[in-house]
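Before any comments, here is the structure.
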Amino acid sequence: MEGAPPPTSPAGLSAYVALSQLLGLTLLTTTGAWLGRYRGGVAWHGQLQFNVHPLCMVLGMVFLQGDALLVYRVFRHEAKRSIKVLHALLHGLALVIALVGIVAVFEPHRAKGIPNMYSLHSWCGMATFVLYLLQWLLGCGFFLLPGASFSLRSCYKPQHVFFGIALFVLSITTCLLGITEMLLFNISDSYSHFVPEGVLANTLGVLLVAFGMVVGYVLTRDDWKRPPLAEELALSLDFKTLTEGESPGG
């Protein structure tokens, strides 16, 4: 309506979203500082290729995945179709970056004759990546591409929401396992003496947990969920009529 005030976000939502982004950027900065100051930096070829792995995983499987989960809370008043596309694109970008990070592990291991997939971190990491890829494909199939009926989408949506949050938690847990593994491999003799590298890496782990808690809080606040627009409700009813072959009230 002309002259109506612009829609606003619920009290506190903007502050928590801003906090999540501050923590996310701090995560990336801390990861870069750790790798640059104590692990020699990052390069795609040579001895430093492995360091691409933790950087990619923190960027893709934590920061970008968290932002992809938040888009429905942040863009509350935009068209839902546009938000779905942005949600899928961010998850897709996270997958590509994570794949680069996985390659950055296997190539140096192969060159040095180091075995793969024997640690708990590697098992959890590969399971997380495969499930994340499956979640993305199913999400695109059910919610972006035509063909899925209204009832199928309604049945799958709770699973999609649950596994989205579960995979985010699993991604952070796997990163924590990876940090511990790197520290034990590289500074096992001095780790217990509170050396600067150990303190910095532990700080990174605490930041990962804090980022996950803030994102999780935003996602689980019922009063912060995106309300459907009036035109979206009308389209939903029309879609049910077309796909189920009966009127919505029938």
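In what follows, residues are counted from 1 in the order of the sequence shown.
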**Asked** Heavy atoms, side chains only, cut-off 4.5 Å: are R110 and N116 in contact?
**Response** no
**Item:** Nearest heavy atoms of P158 and S154, plus distance in Å
**Value:** CD-O, 3.2 Å
**Any L48 side-chain heavy atom under 4.5 Å of V42 side chain** = no
**Prompt:** Would one find more than 12 heavy atoms of other residues, nucleotides or ligands at under 6.0 Å from atom CZ of F194?
**Reply:** no
**Asked** Out of curiosity, S192 OG to L183 CG, how far, rounded to the nearest 0.5 Å?
**Response** 12.0 Å
**Message:** In this structure, would I97 and L86 fall into the same cluster of hydrophobic residues linked by side-chain contacts under 4.5 Å?
**Reply:** yes
**Asked** Would L69 and F168 count as a side-chain contact (heavy atoms from CB on, under 4.5 Å) if you check the C-alpha gap in whole Å, the side-chain angles of each, and the deciding distance to 0.1 Å?
**Response** CA-CA 9 Å; L69 296 175; F168 180 60; 3.7 Å; yes
**Message:** Can you confirm whether F129 sits close enough to L99 that some side-chain heavy atom of one is under 4.5 Å from a side-chain heavy atom of the other?
**Reply:** yes
**Gap separating the OG1 atom of T31 from the CG atom of L200, nearest 0.5 angstrom** = 8.5 Å
**Prompt:** Taking R76 for the side chain and K225 for the main chain, is one N or O donor matched with an acceptor at less than 3.5 Å?
**Reply:** yes
**Prompt:** Does the R226 side chain pair with the main chain of V71, one donor and one acceptor, at a distance under 3.5 Å?
**Reply:** no
**Item:** pair V218-S20: side-chain heavy atoms closer than 4.5 Å
**Value:** no
**Request:** Please answer: with hydrophobic residues joined when any side-chain heavy atoms are less than 4.5 Å apart, are F211 and M213 in the same cluster?
**Result:** yes
**Asked** More than 12 foreign heavy atoms under 6.0 Å from CH2 of W34: is that the case here?
**Response** yes
**Request:** Could you tell me whether R39 and E197 have a side-chain N and a carboxylate O separated by less than 4.0 Å?
**Result:** yes
**Complete:** CG of L95 to CG of L137, rounded to nearest 0.5 Å, is 8.0 Å
**Request:** Given side-chain contact (heavy atoms from CB on, under 4.5 Å), test M117 with F106 step by step and report yes or no.
**Result:** CA-CA 9 Å; M117 300 302 299; F106 280 92; 4.1 Å; yes
**Message:** Within the structure provided, determine whether L35 and P54 are in side-chain contact (heavy-atom separation under 4.5 Å).
**Reply:** yes
**Message:** Hydrophobic clustering (ILVMFWY, side-chain heavy atoms < 4.5 Å, transitive) - are I83 and L93 grouped together?
**Reply:** yes
**Message:** Do I187 and Y38 have side chains that approach each other closer than 4.5 Å (heavy atoms only, starting at C-beta)?
**Reply:** no
**Distance, nearest 0.5 Å, that separates CG of L177 from CD1 of I172** = 12.5 Å
**Request:** For residues L59 and L55, determine if any side-chain heavy atom of one lies less than 4.5 Å from a side-chain heavy atom of the other.
**Result:** no
**Asked** So do the side chains of F163 and L131 get within less than 4.5 Å of each other, counting heavy atoms only?
**Response** no
**Request:** For the pair Q49 (side chain) and W44 (backbone), establish whether a donor and an acceptor sit closer than 3.5 Å, ignoring hydrogens and angles.
**Result:** yes
**Asked** Is the side chain of H91 donor-acceptor paired with the backbone N or O of Q65 at a distance under 3.5 Å, no angle test?
**Response** no
**Fill in**
The reported gap from CZ in F162 to CG in L167 (rounded to nearest 0.5 angstrom) is 9.0 Å
**Prompt:** When you look at H87 and K80, which way does the side-chain contact (heavy atoms from CB on, under 4.5 Å) test go after all the steps?
**Reply:** CA-CA 10 Å; H87 179 73; K80 192 172 185 179; over 6 Å; no
**Request:** Compute the ring centroids of H160 and F143, then answer whether they are less than 6.0 Å apart.
**Result:** yes
**Asked** Under a 4.5 Å side-chain heavy-atom rule over Ile, Leu, Val, Met, Phe, Trp and Tyr, are L176 and M61 clustered together?
**Response** no
**Request:** Give the C-alpha distance, both sets of side-chain angles, the deciding distance and a yes or no for side-chain contact (heavy atoms from CB on, under 4.5 Å) between M182 and F50.
**Result:** CA-CA 11 Å; M182 280 188 68; F50 180 87; 4.1 Å; yes
**Prompt:** Is there a chain of hydrophobic side chains (I, L, V, M, F, W, Y, each step under 4.5 Å between heavy atoms) that links Y132 to Y156?
**Reply:** no
**Item:** N51 to G41 - nearest heavy-atom pair and separation
**Value:** ND2-O, 2.6 Å
**Item:** Nearest non-hydrogen partners of C140 and A88, listed with the distance
**Value:** SG-CB, 4.3 Å
**Prompt:** Is the side chain of S190 donor-acceptor paired with the backbone N or O of H193 at a distance under 3.5 Å, no angle test?
**Reply:** no
**Message:** Counting neighbours of CD on Q47 that are heavy atoms of other residues, nucleotides or ligands and sit closer than 6.0 Å, is the number greater than 12?
**Reply:** no
**Asked** In terms of the angle between their ring planes, are Y16 and W224 parallel, tilted or perpendicular, with boundaries placed at 30° and 60°?
**Response** tilted
**Prompt:** Measuring from L70:CG to L90:CG, what's the distance to the nearest 0.5 Å?
**Reply:** 10.0 Å
**Prompt:** How are the rings of H53 and H121 set relative to one another: parallel (under 30°), tilted (30 to 60°) or perpendicular (over 60°)?
**Reply:** perpendicular
**Message:** With a 3.5 Å distance limit and no angle check, can you tell me whether R37 reaches the backbone of G32 through a side-chain donor-acceptor pair?
**Reply:** no
